[in-house]
Every structure is written in C-alpha cells, then in structure tokens.
Amino acid sequence: MLQVLYIFIPMLAAILVPFLYKSIKNIHTGWFVLAVPATLVIIYASYIAKVAKGEVFQAELPWIPSLDISVVSYLDGLSLLFSLLITGIGSLVVLYSIFYLDKHKEKLHNFYVYLLLFMSAMLGVVQSDHIITLYFFWELTSISSFLLIGYWYTRDASRFGALKSMMITVGGGLMMLGGFILLYLMGGTYSIRELIVIAPDLVGHPLFTWSLVLLLLGAFTKSAQFPFYIWLPDAMEAPTPVSAYLHSATMVKAGIYLVARFTPIFAVSELWVWLVTGVGLLTLFWGSFFALKQTDLKGILAFSTVSQLGLIMSLLGGGSVAFHVNGAADLVFKFAAFAAIFHLINHATFKGSLFMIAGIIDHETGTRDIRKLGGLMSIMPLSFTVAAIGSFSMAGLPPFNGFLSKEMFLSAMLALNEFELFGFDTWGALFPIVAWIASIFTFIYSFYFVFRTFAGQYKPEQYPRKPHEAPIGMLISPMILAAFVVIIFFIPNLIGDTFIKPAVQAIQPFLYDSPSAIDIHVSAWHGLQPELFMTIGIVIIGVLLFVALPKWQGLYNLFPRSLTFNNAYDKIMQGLDVGLYRISRLYMTGSMRHYLLYMFSGIVAIVLGTLFVKDAFSISFEGSAPIQSYQIILIIVLVIGTATTILAKSRLTAIIGLGSVGYTVALFFVIFNAPDLALTQLVIETISVALFLLAFYHLPKLGKREERMRFQLNRAIISIAVGVMVTLIALSAHSQKLIPSISKYYEETVYSLAGGGNIVNVILVDYRGFDTLFEITVLSIAGMAILAMIKLRMNRKEKAHENK
C-alpha cells in the first residue's frame with residue numbers, strides 16, 4: 001500500500017503549494033517543492049540493491065473494485081530506472097527553476113502545482129501494472145504538460161504550442177486506449193504481467209495486429225516519432241525548466257517506456273520489428289537533418305531530441321529480433337536493448353544539461369537566436385564548459401557517455417544485416433547506412449549548437465542585455481548533469497550492472513532469468529571493428545560539413561513550407577474551425593423553437609426506431625383497472641387547464657390555469673395511492689402559484705391584439721410524433737417487461753440495506769444519493785458563478801464611480 005502512495009506524494013504536495021506561495025513571500029516556493037522529488041529519490045534509491053538482483057515489488061490500492069480496476073505499483077528494473085530519472089532529474093530541474101523563475105514576477109504557485117501533478121502522472125505511468133490506470137496516468141501527463149507548456153498563457157505561441165501538444169498526444173492516447181481494450185478482450189486481464197505470460201497465445205488472435213498498431217500510435221505520438229514530432233518544437237515555448245524536464249528526460253520518454261514494457265507481448269510480430277525499427281530510424285534521420293535548419297537554441301535541441309528518441313526507438317525495435325532467432329539474441333538483442341536503455345540514461349544527462357544552458361544563455365543575454373550569438377566563451381566560461389561536455393557527448397565523442405552508447409547503436413544496426421528473416425537482408429541493409437548518415441548530422445548539429453554560440457565573433461550590439469556568467473545557483477544543476485556525463489564514461493559497467501541489466505531483464509523476461517545472466521561488458525576500446533571506422537568517418541565528414549555549413553545551409557530554404565507536416569496540421573485545424581463553424585451556423589440560429597425541433601426530432605427517431613427494431617411495441621390491457629367517471633372528469637379538467645394556460649390573454653388567468661393543472665395532478669396521485677407524491681406536488685404547486693402571484697407585477701404583459709400564427713407542417717408533424725411516442729412508450733411499458741422490474745429488488749432491500757421503511761424516500765435519499773449529490777453540486781456551482789458575476793458587476797460599478 002505504501003509503495004502505491006509514493007506515486008501520489010507530489011500530487012498531495014501540490015495542494016499545499018498555493019498556501020505556501022501566499023503565506024510565505026520571502027522564500028522562493030521552489031525550496032519547499034524541492035523536498036518532494038529529493039525525498040522520493042531517497043525512497044526509490046533504497047530499492048536499487050534488491051532490484052539489481054532481480055527482485056520485484058508490487059503493491060495494490062483498490063480503485064473501482066466492481067470493474068476490477070486498481071492502482072497497481074510494480075517496481076522492477078525498468079520501472080525503477082524511470083522512477084529514478086523522473087525524481088532525480090525532477091530534483092535538479094526544481095533547483096534550477098528556483099534561480100531561473102523570479103519569485104516576484106512569476107506565478108510560482110501555478111508552475112509548481114502543474115509540475116508536481118506531472119511528476120505524479122509520470123510515476124503512475126511507469127509503475128502501473130494495470131492498463132486502465134496506466135491510461136489514466138498517461139492522459140494526466142498530457143493534461144499537466146499542456147498546463148506547463150502554456151504556463152505563459154498571455155503569449156500566443158505558448159497557447160498554440162500547448163494546444164498542439166495536447167491535440168496530438170491526447171489523440172494518440174485515445175488510440176492507445178483502443179489497443180488496451182483489445183488486449184483485454186484477447187487476454188481477459190488488465191494486468192501487463194499476466195498478459196506477458198499468455199503472450200504466445202495472443203499472436204494468432206484476429207485483434208492482435210489492431211492492438212499492436214493502436215498501441216504504437218500512442219507511443220509514437222508521445223515520443224515525437226515521425227510524423228508526429230511536430231508538437232515538440234512548438235512546445236519549446238514553455239519555460240526552460242519545463243523543457244529540460246518534460247522534453248529531455250520524462251514525458252517524451254513515456255512512449256519509449258511503453259514500447260519497452262510491451263515488447264514481450266508484441267515483439268513476436270514481424271510488423272512490430274519493422275515499425276519500431278523503421279520509424280525510429282526515419283525519426284533519427286529526419287530530426288538530425290532538420291536540426292541544422294533551426295536558428296533558436298531550444299529549437300535545435302528540440303529537433304535533436306526528436307532524433308535521439310528515434311535512435312532509442314530503433315534500438316528497441318532491433319532488440320525485438322531476439323524473439324525470433326536464437327542466434328539473434330546474442331547478435332542483436334545483446335547490443336540493442338542494452339544500448340537502448342544505456343542511451344536513454346545518457347540522453348537524460350547530456351540533453352538535460354544542454355536545455356538548462358540554453359535557458360541560461362537566454363536568461364543572461366536576452367536572446368536564443370543563434371544568428372545573434374557568438375563569442376561568449378570568455379564571458380561565460382562555466383556555461384561553455386557544460387555546453388561543450390553535453391554537445392560532445394551528444395555527438396558521440398570520447399571521453400563522454402554518449403560515445404559508448406552510440407558505438408553500441410552502430411554495432412546493433414550492423415548486426416541487423418546478418419538477420420535473414422522478414423526481408424532484413426534486403427531493405428534491412430539500409431538500416432546501418434541511414435544510421436551512419438544520421439549520426440553525421442548529429443555530429444554537425446552538436447558542434448553547431450556549442451560553437452556558433454560560444455565561439456566566433458562577439459557582437460555586443462545584438463544582445464538585448466549585457467552578457468555575463470549565470471549565478472552559481474543556476475549552474476549547479478547543469479554542472480551535476482555534466483559531471484554524470486563524464487563519470488558514466490569511466491564506470492559504464494557499474495551503471496550497467498546496477499541499472500541497465502535489471503531493465504533489460506524486465507524487457508526480455510523469457511531470455512534472462514536474472515540480471516546477472518546478461519553477460520554484456522561495456523568498454524571504450526573494442527578493437528578495430530567496423531563501428532570504429534564508421535565513427536572515424538562520422539568525425540571526419542562531420543567536421544568538414546560543419547566548417548562548410550554556411551555554404552550549404554541555404555539548401556534548407558528550398559524546402560517549401562506548404563509541404564511540411566506543420567503546414568498540414570495548420571490546414572487541418574483551420575479547415576476544422578471553418579467547416580465546423582459553417583455547420584454550427586446551419587443549426588445554431590438563436591431560435592429556441594428550432595433547438596426544440598432538433599431535440600424532439602432526434603428523440604422521436606431514436607426511441608421509435610428502437611421500439612420497432614427491437615419489436616418492443618405491444619398493447620395489452622390485461623390486469624388494468626377500469627376507468628372511473630370521476631377520472632374522466634379530472635382528465636377533462638387537466639386538458640382544459642393546460643389549454644387555458646397556453647391560450648389565456650390575461651396573466652392572472654394563465655396563473656390560475658397553471659395552478660389547476662398542478663392540483664389536478666395531485667388528485668391523480670391521491671387516487672393512485674401515492675400520498676407522498678401528492679403531498680409533494682401540493683406543496684410545490686402552492687409555492688409556485690404563490691411565487692407567480694408575488695411576482696405578478698414584474699411578469700411581462702400579454703399582447704392585447706391577437707396574432708395569427710401561420711400553420712407549419714413540420715412543427716405539426718413533430719408535435720404529433722412526440723405525442724405518439726410518449727403514448728407508445730406508456731402502452732409498451734405497461735404491456736410487457738423486457739427485463740425484470742427493479743421494484744422487487746427495492747422491496748426486498750429497502751429495509752435490510754438502507755434501514756428505511758418508506759420505499760420512495762429511501763430511493764431518493766439512498767439509492768439515488770449520488771444523483772442528489774450531483775444535483776446539489778450543479779446548483780452550488782451555478783450559485784457561485786452567479787455570485788461571482790454579481791460581485792464583478794458591483795466592482796465595475798465602483799470603479800466607474802471612482803473614475804467619475
């Protein structure tokens with residue numbers, strides 16, 4: 001139980017943030033928030049030693065037992081690694097934000113509430129063993145990231161980026177939910193662990209491929225894979241701490257996690273291998289190529305993130321080959337899955353530091369435009385050092401951790417050439433070529449980021465403010481991440497044994513019994529292998545192309561914007577806006593009569609259609625009581641009262657007619673032995689008539705001259721149809737029972753379960769308790785809204801009076 005509650009600690013802490021922000025003005029709110037992820041890092045670190053030995057920890061908190069939905073926290077090597085990244089990087093981001101966000105100018109309570117909500121959502125995603133709760137947390141990450149990206153909501157670009165990210169990721173999440181539902185229909189369980197056990201039995205199911213595709217759509221949209229990557233560059237409008245957290249270490253890695261977690265279920269499919277590997281490589285190339293087109297520092301990092309996520313995705317796809325050939329387990333999976341997790345860790349370290357440096361440059365110079373930057377090396381030496389370490393690691397150079405995982409990536413792509421199934425000996429031969437070319441562009445944009453910013457000519461006239469080194473508090477977090485970049489290079493096997501091997505064993509539980517069975521040893525020097533020569537080629541060609549960049553960078557201008565995915569998205573959204581507006585104008589006429597016609601037409605069509613399709617219409621008067629003469633008289637009075645209310649030319653006559661209708665209905669309740677309803681009706685009718693009489697003076701006057709209304713056939717048809725529908729429902733409901741009446745259940749349980757003797761009262765208060773609660777809630781919300789409007793109007797009047 002306690003393990004599950006760890007997930008909700010940030011969410012619970014978020015409740016206190018607004019109170020701390022308002023009551024303690026002298027201390028930056030971030031210092032209080034920092035304690036939350038820091039505490040969670042310590043908690044999750046206590047699991048490392050046991051999980052490294054292959055142990056798993058599971059805890060369950062019932063949520064909706066009637067639907068078999070629970071919050072199940074499952075900690076194994078994979079989920080623990082992600083939990084440590086979420087809380088560890090989260091701690092550094094919060095520390096960075098304390099110095100980045102001004103406590104006097106920013107709405108810190110909003111920022112930290114959103115950030116903590118996102119942290120809980122991510123922990124829920126990576127720890128959930130129940131696919132429905134996983135989806136719940138998945139969409140919660142989309143909502144909280146929407147709030148974070150749109151934090152500066154007064155900016156058009158922030159609102160646009162937030163909406164774009166939510167539209168794409170939430171749409172993918174809905175596709176993923178469809179895949180989850182199909183998985184449940186196939187396996188009969190919501191548990192990921194149980195689905196993995198029965199995975200071999202699911203392959204031949206006709207829904208298997210549909211589930212696979214839908215799940216990958218969710219993963220690809222969240223992890224910004226081609227062609228869904230377009231939301232990530234626009235999300236850079238968020239504050240830099242958000243970019244460093246969401247878009248380098250956490251949210252964009254959720255799709256990576258999803259693919260890794262469900263690999264044991266779907267990797268047996270040829271389609272999974274091709275889609276994950278192919279889309280990953282295409283994303284790697286696309287992101288690395290177009291990163292050099294960007295002029296904004298965070299834009300460069302956004303496209304570099306797209307490319308790095310594609311690299312990790314392709315490695316997971318290549319690792320899936322192990323499910324098909326025994327030899328491939330040593331040849332491909334040994335490198336691919338290990339390299340995927342290794343690079344995931346490395347990317348979080350160097351990309352997190354680079355995003356923070358981009359924020360520092362913006363913060364201290366007033367611009368992120370790389371065309372205006374240059375010559376900052378001597379002015380900001382510490383920032384340059386961190387940027388150089390992160391960039392060289394991203395480029396895949398020693399002695400930095402990115403070199404090790406990049407070499408393993410090249411090894412895995414080369415190994416795919418020797419895999420002869422699924423046509424890998426043909427089209428698969430392109431994989432190492434694409435990987436090599438993409439790595440060249442990765443090298444170039446890494447150098448482009450650091451040297452165009454810090455080297456070259458210093459142009460002080462182009463800076464909005466005088467550049468200077470950032471305060472040490474803002475540098476602590478990127479310096480810590482840069483230190484990890486170097487340290488990991490020298491102790492890769494300690495990281496591998498402690499974190500990577502348990503995660504790999506979780507991805508492939510059928511291949512390894514324990515993490516210790518994974519015999520992978522990482523070394524910087526592994527002989528004169530093809531991947532070494534590929535790296536040398538990357539460096540040589542990369543340096544030459546970087547030096548000649550001004551001569552060929554203009555090629556990007558040849559790509560017309562009209563053919564981009566961003567333009568396609570904009571056109572779709574504009575088309576939807578215009579099209580839906582035109583459609584709405586057809587029926588949103590402002591006439592209440594038209595709206596009633598639409599509603600009644602729809603109700604009649606649905607109800608009568610259902611009656612006749614289901615053959616539910618029948619007439620039977622068996623067991624009916626005879627109609628007495630006084631009942632006929634009451635019906636006549638009821639009809640006359642209704643007609644009088646509608647046709648009356650006097651307000652007083654209309655009120656009297658309306659009252660006669662209510663009191664006649666109360667008499668019917670008395671006749672049908674429903675005294676409670678009769679008393680209720682009498683009270684309500686008396687109050688209503690009294691209120692009408694009290695407000696008599698303010699009621700609108702009725703027209704003195706008679707207005708002839710033109711007969712309209714469509715309204716007559718709808719009116720008759722509604723009357724026929726209600727009559728048919730009443731006759732059918734009386735004549736037959738498609739399902740047993742619930743009244744028997746009420747009779748049997750009204751006393752034993754609810755402890756009441758009056759069945760009507762018990763139904764209203766107990767059995768329909770939530771109904772009543774929601775009605776009260778709606779009325780309360782409406783009341784608060786009215787009160788707010790009244791106060792707003794009063795304030796405006798007071799201000800207007802003061803101005804006079």
Side-chain angles (χ1 to χ4, degrees), residues 28-31 33-34 89-108 110-112 115 148-155 157-158 161 233 235-249 294-302 305 350-391 449-450 452-455 458-482:
H28 197 287
T29 310
W31 289 113
V33 176
L34 180 60
I89 301 294
S91 300
L92 296 177
V93 165
V94 172
L95 177 61
Y96 176 81
S97 70
I98 293 172
F99 301 92
Y100 186 86
L101 298 173
D102 192 312
K103 65 181 179 181
H104 301 295
K105 298 179 181 179
E106 302 289 351
K107 297 180 179 180
L108 297 179
N110 291 346
F111 178 82
Y112 288 116
L115 192 72
L148 285 167
I149 296 169
Y151 170 70
W152 285 321
Y153 56 85
T154 56
R155 304 178 182 178
S158 295
M236 293 301 112
E237 292 298 327
T240 297
V242 175
S243 301
Y245 190 42
L246 274 66
H247 307 137
S248 68
Q294 312 307 310
T295 56
D296 182 271
L297 290 181
K298 287 176 70 174
I300 298 169
L301 294 179
T305 299
F350 65 68
K351 187 57 63 65
S353 65
L354 289 176
F355 266 116
M356 292 179 185
I357 291 299
I360 286 173
I361 293 169
D362 185 24
H363 197 273
E364 306 306 330
T365 68
T367 181
R368 296 198 309 259
D369 191 335
I370 203 167
R371 294 168 296 184
K372 299 179 180 179
L373 297 170
L376 296 176
M377 187 185 303
S378 59
I379 300 174
M380 306 174 69
L382 292 177
S383 298
F384 165 71
T385 303
V386 174
I389 292 173
S391 297
F449 176 86
V450 65
R452 285 295 179 88
T453 303
F454 292 96
Y458 177 57
K459 297 166 281 189
E461 70 281 357
Q462 297 198 36
Y463 294 109
R465 63 174 67 104
K466 185 178 180 181
H468 57 84
E469 185 60 273
I472 190 64
M474 197 179 295
L475 285 166
I476 291 175
S477 293
M479 290 174 68
I480 291 174
L481 290 172

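Along the sequence shown, residues are numbered consecutively beginning with 1.
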Before giving the answer on side chain to side chain contact (heavy atoms under 4.5 Å, CB included), spell out for Tyr100 and Ile360 the whole-Å C-alpha distance, their side-chain angles and the decisive distance to 0.1 Å. CA-CA 8 Å; Tyr100 186 86; Ile360 286 173; 6.0 Å; no

Show the numbers, then the answer: is there a side chain to side chain contact (heavy atoms under 4.5 Å, CB included) between Phe355 and Met236? CA-CA 10 Å; Phe355 266 116; Met236 293 301 112; 3.5 Å; yes

Please assess Ile389 against Phe350 for the test side chain to side chain contact (heavy atoms under 4.5 Å, CB included), listing each intermediate value before the final yes or no. CA-CA 8 Å; Ile389 292 173; Phe350 65 68; over 6 Å; no

For side chain to side chain contact (heavy atoms under 4.5 Å, CB included), just list the numbers for Lys298 and His247, CA-CA rounded to whole Å, side-chain angles, deciding distance to a tenth of an Å, and then say yes or no. CA-CA 11 Å; Lys298 287 176 70 174; His247 307 137; over 6 Å; no

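Annotation for Leu92 and Ser477: closest pair O-OG, 2.7 Å, computed over non-hydrogen atoms. Closest approach of Phe449 and Ala387 over heavy atoms only: CE2-CB, 4.5 Å. Taking both residues in full, the closest heavy atoms of Ala244 and Gly352 are given as CB-O, 4.2 Å, listed atom of the first, atom of the second, then distance. Nearest approach of Pro478 to Ser353, heavy atoms of both residues: O-CB, 3.8 Å. The nearest pair of heavy atoms linking Gly375 to Ile379 is O-CD1, 4.0 Å. Taking both residues in full, the closest heavy atoms of Thr365 and Thr367 are given as OG1-O, 3.1 Å, listed atom of the first, atom of the second, then distance.
Distance check, rounded to the nearest 0.5 Å: CE of Met356 to OG of Ser243 gives 10.5 Å. Separation of atoms CG (Leu148) and CZ (Phe111) is listed at 6.5 Å; rounding is to 0.5 Å. For the atom pair CG of Leu115 and CG of Asn110, the computed distance is 12.5 Å after rounding to the nearest 0.5 Å. A distance of 10.0 Å separates CD1 of Ile98 from CG of Leu101, quoted to the nearest 0.5 Å. A distance of 9.0 Å separates CG of Asp296 from CD1 of Ile370, quoted to the nearest 0.5 Å. The CD1 atom of Ile357 sits 13.0 Å away from the NE2 atom of His363 when rounded to the nearest 0.5 Å.
A donor-acceptor contact shorter than 3.5 Å is absent between the side chain of Tyr112 and the backbone of Val33. Arg452 places no side-chain N or O within donor-acceptor distance of the main-chain N or O of Thr295, the cut-off being under 3.5 Å. No side-chain donor-acceptor contact under 3.5 Å links His28 to the backbone of Leu108. The backbone N or O of Lys107 lies less than 3.5 Å from a partner atom in the side chain of Tyr151, making a donor-acceptor pair. Judged by distance alone, with hydrogens and angles left aside, the side-chain atoms of Ser391 form no donor-acceptor pair with the main-chain N or O of Ala388 at under 3.5 Å.
Between Phe454 and Ile361 the shortest side-chain heavy-atom distance falls below 4.5 Å. Counting heavy atoms from C-beta outward, Leu382 and Val386 have side chains that stay 4.5 Å or more apart. A 4.5 Å side-chain heavy-atom check between Tyr458 and Met377 finds every atom pair outside the cut-off. Annotation: side chain of Leu301 is not in contact with side chain of Gln294 (no heavy-atom distance under 4.5 Å). Residues Pro467 and Leu376 have side chains in contact (heavy-atom distance under 4.5 Å, counting atoms from C-beta outward).
At a threshold of 4.0 Å, the pair Arg371-Asp369 counts as salt-bridged, since one of the basic side-chain nitrogens sits closer than that to a carboxylate oxygen.
Looking at residues two or more places apart in sequence or on another chain, you find no side-chain hydrogen bond (donor to acceptor under 3.5 Å, both in side chains) involving Lys372.
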